[in-house]
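See structure below.
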Amino acid sequence: VLAAGYRIVALEHDLRDLAQEERRLRLEASYLASPQRIEQRAVAELHLAAPALEQVIFWEEIK
Amino acid sequence: VKRRGQIVVVLAALWLIAIAVRLFALQVVRHDHYEDKAERQQRTAVELDPPRGTIYDAHGRELAVSVQVDSAWADPSDVRDPAGTARALARVLDLDARDVETLAARLGRKSDFVWVARKLDPPVAQAVRDLALPGIRFLQESKRYYPMRSLAAQVLGYVGTDNRGLAGLELVYDRQVAGRPGRRTLLRDARRGKVVAPGLAFSDPEPGRDLHLTLDATIQHIVERELERAVEERHAKSGSMVLLDPATGAVLAMATYPSFDPNQYGRYPSSRWRNRAIMDAYEPGSTFKLVTAAAALEAGLVRATDVFDCEMGAITLLGIRIRDHKPFGRLTFAEVLAKSSNVGVIKTALLLGDERLFTTVRGFGFGRPTGIDLPGESPGILAPRESWRPLTKAYISFGQGISVTALQLVTALGAVANDGTLLTPYVVAAVERDGTVEPLHPHPEVAGRPLSAATARELRTLLEGVVTGGTGKSAAVAGYRVAGKTGTAQKPVQGGYSRSGYVPSFVGLAPADRPVIVGVVAVDEPQGFAYHGGQVAAPVFGAVARQVLLYRGIRPERLPYAHWPGERPTSGLAVAAAPLRPDHAEEAEELAPRDAVIEVEPAAPVAPAVPLAAPASVLATAPQEPVRAPR
């Protein structure tokens with residue numbers, strides 16, 4: 001029983017660590033996906049611009 | 001000798017009796033007391049922190065997330081050199097001289113526990129660990145992060161060191177989001193290791209619920225970007241903007257500029273924490289004329305074609321002269337709104353009378369909070385009907401003598417967009433726990449019906465005239481029908497109105513015939529010669545509407561292309577100029593004429609339409625894409 005008790009504590013600890021790691025990674029992903037950041041990089045590094053209306057075609061207009 | 005022997009025996013006997021009595025006291029009389037004491041030493045109760053719920057935007061993007069991070073603490077009895085330790089910590093914790101002194105004093109205290117620095121970001125915590133200072137230890141605490149930084153900061157709010165919500169949604173929904181801590185009792189072994197044992201008290205922490213908002217991070221970003229541009233260009237004090245979905249009352253974006261980063265809210269002046277769109281009431285000025293117009297149309301007192309004599313710029317009522325912003329002669333009612341004539345609207349209010357105007361103003365929700373799920377909403381100021389003076393209706397008809405919030409104004413226009421039904425705006429769409437999503441607003445919450453569907457449609461047509469041929473031309477968006485009303489309110493000062501402090505604003509909706517967005521823009525005290533709503537606020541609405549309508553996949557009204565963008569007119573074949581992604585190739589092959597060549601570029605760089613996650617129905621073409629010529 002005692003050995004199992006030690007094991008449970010260790011596994012719970014691992015579980016908490018992994019859950020935390022997952023949250024940290026998700027947090028980082030959210031930061032990387034933030035619209036301000038993507039737009040800033042798209043404009044400054046890739047020299048992209050939002051399209052003008054006449055540069056946008058809707059599927060319905062093609063059909 | 002014999003006597004001495006007797007004394008020794010008696011003493012030994014007394015000693016044995018004393019031991020027996022003490023043993024009896026320990027083992028029998030105080031048995032429970034010592035058993036408790038031993039248990040307390042062997043057992044340790046651990047409080048299990050519930051993770052605070054995550055806040056998501058309308059598309060599941062995280063706006064607020066809690067993560068366990070390290071907090072550094074010290075056992076001063078183990079700290080050999082408090083001053084040296086404080087100096088070493090100062091380098092990694094970025095402390096100034098005064099903080100170092102305070103920390104050194106704390107580390108020199110006679111105590112078992114002092115905080116060194118709480119909730120450290122992982123790299124900082126690692127740097128402190130690397131110092132390997134004697135007596136410095138770590139424990140884990142939950143820290144709130146806002147990964148999109150200042151995005152929607154005033155709506156989200158922030159939490160304090162104790163993890164309680166202090167502002168915004170974090171405050172209003174604190175009970176749901178915070179969760180409940182759990183407790184667990186563990187046995188401690190001789191080496192201070194921990195072990196669970198059966199039969200010990202145990203309660204799981206109840207994790208906080210997640211919130212799913214109506215805000216869309218992309219729309220919020222567009223709104224914040226355009227608002228910031230306007231405030232900075234005009235050197236204004238501040239600005240706010242709200243965008244609603246008129247069919248549901250859902251808030252798509254709500255912004256106040258200048259803003260702050262809720263990750264470090266303490267570094268900003270408290271004035272930036274204010275959600276001005278709901279907390280600040282201001283005199284709306286001419287935007288309020290749409291309410292007067294709604295009342296008159298609903299009562300059947302005026303028609304769009306009725307002619308008003310606007311008396312070349314001024315009207316005198318009870319000896320008080322009220323001026324127009326420029327002289328107008330005879331205008332139709334539609335023109336009164338389009339050109340924003342005070343005299344024309346005052347005459348409309350005189351036709352209406354106090355009672356009908358007051359009822360409509362109340363009916364649109366002014367003078368009371370809208371009931372949005374955010375803290376600190378101002379009800380605005382609407383004098384009770386009984387205290388109206390003879391001229392009150394004249395002033396209120398063009399937005400003076402009444403204070404409203406930007407949210408009240410946009411909610412009111414929402415009723416016009418929504419065929420006359422006033423809805424309660426909301427920010428939180430649903431709460432989630434253990435994967436079960438519970439919608440909070442399965443049906444729009446109706447707050448009133450201030451006007452009929454027919455009146456609402458007629459008013460939308462009149463408001464479209466403001467944009468096509470009136471004061472709101474700069475809100476126009478090519479390809480879409482925009483309707484709205486401009487306003488340029490003078491700020492009230494002691495004994496009258498300021499001649500230099502203005503609040504230009506614009507309330508608008510688009511597309512005018514079937515609105516999908518309704519919005520308000522208000523800019524506080526722009527500097528320079530351009531201070532009219534049509535110059536300062538209307539362009540912001542136009543810019544936002546153009547991007548948001550495209551982002552939401554609303555097709556513009558335009559003639560079918562004779563030639564598609566990028567196509568060579570000679571080919572006579574319809575071939576999309578955008579490089580096709582593999583997942584579209586099959587569909588394109590069906591659509592294209594038999595002899596067209598469909599080229600598939602595996603990872604062709606396509607310029608994003610409006611940033612991020614544009615709906616699949618929008619195909620953006622990069623400006624200089626090669627034309628796929630037919631064979």
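Chain identifiers are assigned alphabetically (A, B, ...) following the order of the sequence lines, protein sequences preceding nucleic acid strands; residue numbering begins at 1 within each chain. FYI, side chains are in, hydrogens and waters are out, and symmetry mates aren't considered; it's all heavy atoms of this structure. Being a predicted model, the structure only gives us computed values, none of them experimental.
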As an exercise: rank Val69(B), Val65(B), Leu151(B) by heavy-atom pairs under 4.5 Å with chain A and give me the winner.
Leu151(B)
Proximity breakdown for Ser66(B) and chain A, heavy-atom pairs closer than 4.5 Å
both
If we only count heavy atoms from C-beta on, is the Arg61(B) to Asp216(B) side-chain gap below 4.5 Å?
yes
Looking at Leu46(A), Leu27(A), Leu32(A), which makes the most heavy-atom pairs under 4.5 Å with chain B?
Leu27(A)
Report which part of Arg7(A) has an atom under 4.5 Å of a heavy atom belonging to chain B: side chain, backbone, both, or neither.
neither
Can you tell me which portion of Ile219(B) sits under 4.5 Å from chain A's heavy atoms? Options are side chain, backbone, both or neither.
neither
Taking the side chain as every heavy atom from C-beta outward, state whether Phe58(A) and Leu550(B) have any pair of such atoms under 4.5 Å apart.
yes
Using a distance-only test with no angle check, is there a side-chain donor-acceptor pair under 3.5 angstrom linking Glu224(B) and Gln36(A)?
no
In terms of heavy-atom pairs under 4.5 Å with chain B, which of Arg26(A), Arg37(A), Glu28(A) leads?
Arg26(A)
Segment of Ala19(A) engaging chain B (4.5 angstrom heavy-atom cut-off)
neither
Decide yes or no for Val67(B) and Gln20(A): does some side-chain heavy atom of the first lie under 4.5 Å from some side-chain heavy atom of the second?
yes
Tell me, do Met148(B) and Gln220(B) make a side-chain contact under 4.5 Å, heavy atoms counted?
no
Find out whether Arg546(B) and Glu226(B) are in side-chain contact, i.e. whether some heavy atom of one side chain is under 4.5 Å from a heavy atom of the other.
no
